[in-house]
2 protein chains.
Amino acid sequence: MSNRDGLRERKKEATRQAISDVATELFVARGFDNVSVAEIAEAAEVSRMTVFNYFPRKEDLFFDREEESRQILKAAFAERPSGEAPLITLRRLVQRLADRAHPFAKFTDATAKFWRTVAESPALSARAREMRDELIDDLATVLAGAIKRPLADADARLAASMVVTAVTVAYAEGLREHKARRSAASTRETFLQIMERSLSGIAIMLKGTPYA
Amino acid sequence: MSNRDGLRERKKEATRQAISDVATELFVARGFDNVSVAEIAEAAEVSRMTVFNYFPRKEDLFFDREEESRQILKAAFAERPSGEAPLITLRRLVQRLADRAHPFAKFTDATAKFWRTVAESPALSARAREMRDELIDDLATVLAGAIKRPLADADARLAASMVVTAVTVAYAEGLREHKARRSAASTRETFLQIMERSLSGIAIMLKGTPYA
DNA sequence: CTAAATATTATACTGAGTACAAATTTATGG
DNA sequence: CCATAAATTTGTACTCAGTATAATATTTAG
């Protein structure tokens, strides 16, 4: 029998999902810090060790989509018209994410609750910050790759840091507007406006480099 | 006897300093994560509880100057010529820190070692990121205060995030140059140049607001 | 069916951080 | 100087995340 969809693989995926599901349920009900890994294991009818087997850190039970942002960046630069300035590619990417209401540019009660849970937990907040820094590194690498530099240079690191900061601020302001009961169109407009302002400023910072 | 400089107060300060000193020594010698609080307590001839009494978290034993950046910001805006755009105040502040080789703009073997120790410890890195976010909040508040807004608004938050990001990147590049054995003048120039480029871009982002 | 490969579990440990009460040290008022 | 109040230090016992390791159970392959 094949390795890929044998009984073993199916069971693994099932237990992983079961653990993740039960953990999410407990987290939203009682808050991340008020649920122990032992409780999750018990509720998922699995041993504590098995939980750590699938999710090395407790925070991994909450943040399941770490890989996704990396893929989005790669895809955007893979499809980009040759010769287009990397900063323009990013501008188009942001527009598209907003148009398609992608989770990274969506403001609903669900996303608000998600980030409130994060804000209420020091451990989750720390992990979110860590992921933000990892994203900066990834973006710097992708940017350098786009202009055929093997390694990220100082300009790429500046660009990446600034763009990720811009998204962070724009997203936070979008969430803020949502919580203030503004319309979806309004929050989307706020998000895009901050991104536009930021990107035009970043373009100035990168004038004379191959990135802008 | 007065409360301020009685025996009790002096002893408290002495033990606090003793704990901090012995901890720093152990950390630089063996790395933050390879030294337990119990060891520090033993080396400082004090109980484990006393260590936690003075330093609620282990990371506090390493980062002793959290308050300082806050004070520098406040002072800079307290002394600023009335009517000066806040972003100009910050530009002058950066120049002055570089001129005076303040720790936040200084690149020596000591600072390099300090930040290497941070980079080698997940816990210290996490704390550094947390402090960075706290600094952003503080700066946003100070910026809003400078134009007589009681609360930080979206523009202040954007400005603060971008400025702190700029300093972070500029400082990191300065450290990088130092590690590559470039001259002190060169690292200083790199730092200032990144700050200048960044601030001119940030000025564009803030055009039409009272901050730029 | 057997044996190798892999997943799960039990157990025991380290280390940070907390709660709380007991013991010690310093301050203060007579 | 003494007694007592106030503050500091300590001991003890706990919770919880995370790691190491060996034993056990389950799936796969021959």
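Only heavy atoms go into these numbers, but all of them, side chains included; no hydrogens, no water, no symmetry mates. Proteins get letters first, then strands, A, B, ... in listed order; numbering begins at 1 in each. What you see is a predicted model; the values in this text were computed from it and never measured.
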Restricting both atoms to N or O, compile the protein contacts to nucleotides 7-10 of chain C shorter than 3.5 Å, with distance only.
| from | atom 1 | to | atom 2 | distance (Å) |
| --- | --- | --- | --- | --- |
| dA7(C) | OP1 | Lys12(A) | NZ | 2.9 |
| dT8(C) | OP1 | Tyr54(A) | OH | 3.3 |
| dT8(C) | OP2 | Tyr54(A) | OH | 3.0 |
| dT9(C) | OP2 | Ser47(A) | N | 2.9 |
| dT9(C) | OP2 | Ser47(A) | OG | 3.4 |
| dT9(C) | OP2 | Thr50(A) | OG1 | 2.5 |

So, for Asp155(B) and Arg197(A), which heavy atoms are closest and what is the spacing to 0.1 Å?
OD1-NH2, 3.0 Å

Between CZ of Phe52(A) and P of dT21(D) the distance, given in whole Å, is 17 Å

Under 6.0 Å between the ring centres of Phe104(A) and Tyr171(A)?
no

Rounded interatomic separation in angstrom, taking CZ from Arg16(B) and C1' from dT9(D):
16 Å

Between dT14(C) (P) and Glu39(B) (CD): distance, integer Å
13 Å

Which part of the nucleic acid does Val35(B) contact within heavy-atom distance under 4.0 Å: base, sugar-phosphate only, or nothing?
sugar-phosphate

Positions of residues 56-65 of chain B (non-hydrogen atom under 4.0 Å from DNA chain D), listed by number:
none

State, without any angle test, whether Glu68(B) and His102(B) hold a side-chain donor-acceptor pair at a distance under 3.5 Å.
yes

Could you please spell out the steps behind the side chain to side chain contact (heavy atoms under 4.5 Å, CB included) verdict for Ser20(A) and Tyr54(A)?
CA-CA 9 Å; Ser20(A) 176; Tyr54(A) 285 98; over 6 Å; no

Within the side chain of Lys113(A), is there an N or O that forms a donor-acceptor pair under 3.5 Å with the backbone of Thr108(A)?
no

Separation of atom CD1 in Ile19(B) from atom P in dT10(D), rounded to whole Å
8 Å

Whole-Å gap separating C1' (dG11(D)) and CD (Glu42(B))
15 Å

Looking at Asp99(B) and Arg188(B), does any basic side-chain N land under 4.0 Å from a carboxylate oxygen?
yes

Is Glu189(A) salt-bridged to Arg182(A), cutoff N-O under 4.0 Å?
no

Here the distance between atom P of dA16(C) and atom CZ of Arg127(B), to the nearest Å, is 17 Å

Arg30(A) with Glu25(A): basic N within carboxylate O range, under 4.0 Å:
no

